[in-house]
Amino acid sequence: MQTTETPRSLIMLFGATGDLAKRKLFPSLYNLYRKGKLSGNFAVIGTARRGWTHEVFRDHIKDAVLSTKKHADNVDEFAAHFYYQPHDVTNAESYIQLKELADELDRQYQLEGNRIFYLAMAPEYFGTISDHLKSEGLTDTKGFKRLVIEKPFGHNLESAKALNKQIRKSFSESQIYRIDHYLGKTMVQNIEVIRFANALFEPLWNNRYISNIQITSSEKLGVEERARYYETSGALRDMFQNHMLQMVALLAMEPPINLTTNEIRSEKVRVLRALRPVGGEEVPDYFVRGQYGAGEINGARVAGYREETNVDPASNTETYVAGKLLIDNFRWAGVPFYIRTGKRMAAKTTKIVVQFKDIPMNLYYNTGQDLSPNLLVIHIQPEEGITVHLNAKKPGQHMETTPVQLSFASSSKSGINTPEAYEKLIHDCLMGDATNFTHWDEVALSWNFVDKISKVWENKQIAFPNYEAGTMGPKAADELLAKDGFFWWPVEDLEVKPC
Ligand code: BG6
């Protein structure tokens, strides 16, 4: 049973001088601190190669917090909980020194041996670090030990298996918290509630009433400074294998018998097991890849992907992926799930559109009006809310119809809500709630699905670039739906305004 009080603990952050720590983790920890959601007994040890002192690190923490907030109370008091230790992740001696500091802070803050090891750094070191944590005795305490791992968890199924095998030597599955920050987003968490807490939707949530489901997650940004990583990843591994498939699982899963971590995860796993595999010559019928060329974003010219720093001028990496997924089970047989995600697109938005089937007979056809299908739109970001699209009578003498919308919008406090997502996930981890983290079975099934596609793409070049920056992707993605008689609902027509 969980208690509502956050347990005391030591957080050891590997990669503490990095971008993720600065932009997401420190502001999130601060928010938890300010809201009283961190136990007063907490300490953070930041480690990285740089030879910083505790003071330099604390100034860095303060900068990180103040860059996200105009006014931050008690930021000095907050930063005083942070300690820094220069560290070489491959050197056993470094871990021995780290253990000394950890044990000392454990005594000083009475942390009862509770430890969270947060790996916010290059994935090639995940295995090495977890080996050393055990061999140098950092996991040898009487409290809880949890390992938090950022993505990517492997590059394909084989490498993910090898990594998992290695970290499982030091941590059990229940001690491993694999981050998928989309699972911390308010409206992603809301999918379950919208579905299972409303009599209105669940009876219709199947292939008798739903014609298709569309998930769009588009970004205006390009690869920024991450080209080295992105060149080996592409949109399929960077977004589709994790965030997009996680949203599919939440949309398609059966109602769990209760809300425990195991029950929810096992329902999600069943969806991933039911995904119809797509491989070999079938891939072009189900998946479209794209790469942006030069174009215009917010009125300014931007370079094409191949011109970006650290990108191969002949790169075959996809910056866009669209796909059609079929889930072979009783509920979803025949209902396509269309997914698209990419960089340098026309809008920064994540939306889910559930399109219901047309009603059996349109009584209003003679008025010359085609009825619009009913839609349920779940707005994940930047706005957060839901919209239901219905048909109603136009005011006046005739029985003419007009589309109307019922909207619920909660204004997103932070614009793009990623920092808030991290805040929730860090808190969940402190509380020992792994529901919104990815289980190994989910990771393995996702890679198994994705590997068949990447194998085909890696062995076959196509003519890139094939979409202009500032657009919604290649034409082939429209054709993917058109051949089934559907189209992507334009994201700009689906806006929801905060009430
Ligand atoms: C990350 C990807 O997981 O998600 C990035 O590695 C991407 O490439 C980011 O930009 C998108 O997250 P969000 O929360 O801004 O939609």
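Atom set for the values below is all heavy atoms of this structure, side chains included, hydrogens, waters and symmetry mates excluded. Just so you know, ligand 1 is whichever comes first in the structure, and atom 1 is the first atom listed for that ligand.
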Query - Arg178 and Asn164 side chains, donor-acceptor separation under 3.5 Å - result: yes
Requested in this report: Quick one: do Arg344 and Glu219 satisfy salt bridge (Lys or Arg N to Asp or Glu O under 4.0 Å)? Show the steps, please.
Outcome: CA-CA 6 Å; Arg344 284 284 191 233; Glu219 295 185 77; over 6 Å; no
Query raised in the report: Does Ser217 reach ligand 1 with a nitrogen or oxygen that is under 3.5 Å from one of the ligand's nitrogen or oxygen atoms?
Result: no
Report task. Could you tell me which non-hydrogen atom of Ile215 sits nearest to which non-hydrogen atom of Trp488, and how far apart they are? Result -> O-CZ3, 4.4 Å
Query - Shortest reach to atom 14 (O) of ligand 1 by a heavy atom, considering only Lys185, Arg237, Met239, Lys348 - result: Lys185
Report task. Please list, chain by chain and in numerical order, all residues satisfying ring-ring contact (aromatic ring centres under 6.0 Å, His included) with Tyr118, sequence neighbours excluded. Result -> none
Query raised in the report: Could you state the interatomic distance from CG (Asp433) to CG (Leu259), rounded to the nearest 0.5 Å?
Result: 10.5 Å
Query raised in the report: Tyr182: heavy atom below 4.0 Å from ligand 1, yes or no?
Result: yes
**Report entry** From the candidates Glu224, Arg226, Lys151, Glu150, the one that places a heavy atom nearest atom 5 (C) of ligand 1
**Finding:** Arg226
**Report entry** From the candidates Gln381, Lys343, Lys24, Glu219, the one that places a heavy atom nearest atom 11 (C) of ligand 1
**Finding:** Glu219
Query raised in the report: Looking at ligand 1, does Thr350 have a heavy atom less than 4.0 Å from it?
Result: no
**Report entry** Sub-4.0 Å atoms of ligand 1 with respect to non-hydrogen atoms of Asp238
**Finding:** 2 (C), 5 (C), 6 (O), 8 (O)
Can you list, pair by pair, the side-chain donor-acceptor contacts under 3.5 Å of residues 287-294, counting residues two or more places apart and other chains?
residue : atom : partner : partner atom : Å
Arg289  : NH1  : Trp457  : O            : 3.2
Arg289  : NH1  : Lys460  : O            : 3.1
Arg289  : NH2  : Lys460  : O            : 2.7
Gln291  : OE1  : Arg306  : NE           : 3.1
Gln291  : NE2  : Ser315  : O            : 3.0
Gln291  : NE2  : Thr317  : O            : 3.0
Tyr292  : OH   : Glu308  : OE2          : 2.6

